[in-house]
Structure formats: structure tokens, C-alpha cells
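Single-structure report; data block below.
Counting begins at 1 with the first residue of the sequence. Nothing here was measured: the structure is a model prediction, and the numbers come from that model.
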Amino acid sequence: WKRSSPYPSLVNFDGPTHEVCTARRIRTNTPLQSLTTLNDSAYVDLCRAFAFNTMANKGNGFAEKLRIAYQQIVYSDIRESTITAMQKLYQQALQHYQQHPEDILKITGTHSTPSSATAAAWIVVMNAMMNLDEVLTKN
């Protein structure tokens with residue numbers, strides 16, 4: 001971490017350099033921010049940990065666990081349309097990882113537990129959830 005060169009993903013979020021103090025930051029939203037949250041290893045690690053935490057929640061079924069996770073991130077209730085979209089994404093990811101088990105370790109990490117198709121699908125869902133407008137541009 002250098003004062004004159006910020007962390008690369010902070011540049012996409014218009015983060016100020018550490019040479020000066022800023023009292024207020026401008027709110028921005030660009031396609032580069034979406035690419036950062038979907039692909040930066042720091043965000044993928046965050047989604048991995050959040051997915052494992054969500055899988056350990058006591059909620060019954062996918063929708064209940066997703067409601068709890070959304071509440072933890074955004075502090076509001078999730079819309080039914082979002083639940084439907086995330087459930088469809090989960091089913092597609094689960095099907096992909098069941099058919100391609102060699103891809104599971106690519107997303108869950110080599111030392112992560114659990115390493116299953118279910119865990120990989122949850123990571124995909126958490127990655128998509130962290131990329132929602134409600135998460136990136138909170139009021």
C-alpha cells in the first residue's frame with residue numbers, strides 16, 4: 001500500500017489518493033465498477049466467505065437463507081423478483097458445477113471448505129448479490 005498509488009480497484013470507484021484528505025467523496029457508478037466487483041480477487045474472496053457463512057445460516061431452504069443474507073448486506077427486505085432471479089442463477093450454477101466438477105475448486109479455492117457444487121453455486125449467487133445496485137450505491 002503506497003501513498004501515491006492506491007489499490008487498483010479503488011481507482012475504479014474513484015477513490016482518492018492518500019496524499020490528501022477528502023471530507024466527501026463523489027458518488028459514481030460505471031461499468032468498470034461492476035467488472036471489479038465480479039472479478040477482483042478481493043471481492044471473490046469476500047463472496048466466498050459470505051457464501052460459506054450463508055450456507056451455515058439456520059434458514060430453511062434457499063429463499064430463507066437468501067433473505068437473511070440480503071438483510072445482512074442491505075439492511076432491508078429483498079424483493080420477490082430478486083429472489084426469483086437469484087434462485088434461477090443458483091440452479092444454473094448448481095447444474096453447471098454438477099456437470100463440471102473440475103471447475104469447483106476454481107471458485108471455492110484450493111484450501112476452502114466446503115468444496116462442493118452447492119458451495120460453488122452459493123459463491124456465484126453471493127457474487128451477483130454483491131454486484132446489485134442496492135449494494136454498490138447505498139443511500
Distance, nearest 0.5 Å, that separates OG1 of Thr84 from CD of Glu80
6.5 Å

Is any side-chain heavy atom of Gln92 closer than 4.5 Å to a side-chain heavy atom of Lys88?
yes

Check whether any side-chain heavy atom of Leu132 lies under 4.5 Å from a side-chain heavy atom of Tyr70, and answer yes or no.
yes

With side chain to side chain contact (heavy atoms under 4.5 Å, CB included) as the test, would you mind laying out the steps for Arg67 and Ile83 before giving the verdict?
CA-CA 8 Å; Arg67 283 184 213 285; Ile83 292 175; 3.1 Å; yes

Would you call Asn39 and Val44 a side-chain contact if the rule is heavy atoms closer than 4.5 Å?
no

Side chain to side chain donor-acceptor pair (under 3.5 Å): pairs with one or both residues in residues 98-107, sequence neighbours excluded:
His96-His100, His96-Asp103, Asp103-Lys106

Are Ile68 and Leu89 connected in a single hydrophobic cluster, I mean Ile/Leu/Val/Met/Phe/Trp/Tyr linked by side-chain heavy atoms less than 4.5 Å apart?
no

Under a 4.5 Å cut-off applied to non-hydrogen side-chain atoms, are Val74 and Glu134 in contact?
yes

Given Tyr43 and Asn131, is the side chain to side chain contact (heavy atoms under 4.5 Å, CB included) satisfied, shown in steps?
CA-CA 10 Å; Tyr43 291 96; Asn131 204 37; over 6 Å; no

Check step by step if side chain to side chain contact (heavy atoms under 4.5 Å, CB included) holds for Val125 and Leu66.
CA-CA 9 Å; Val125 169; Leu66 191 67; 4.0 Å; yes

Hydrophobic cluster identity match, Leu46 and Leu38, side-chain contacts under 4.5 Å:
no

Do you know the tightest heavy-atom contact between Thr108 and Ser116?
CG2-O, 4.4 Å

Quick check: closest heavy atoms across Met86 and Ala128, and the distance to 0.1 Å?
CE-C, 4.0 Å

Check the pair Ile123, Phe50 against side chain to side chain contact (heavy atoms under 4.5 Å, CB included), reporting the backbone distance first and the verdict last.
CA-CA 8 Å; Ile123 293 169; Phe50 197 55; over 6 Å; no

Could you tell me if the ring centre of Trp122 sits under 6.0 Å from that of Phe62?
yes

If only atom types and distance count, is the side chain of Lys65 paired as donor or acceptor with the main-chain N or O of Asn60 below 3.5 Å?
no

Where do Gly109 and Arg48 come nearest, in terms of heavy atoms and distance?
N-NE, 4.0 Å

Please check: side-chain N/O of Thr82 versus main-chain N/O of Ile78, any donor-acceptor pairing under 3.5 Å?
no

Considering non-hydrogen atoms only, spot the tightest contact between Met130 and Cys47 and give its length.
CG-SG, 3.7 Å

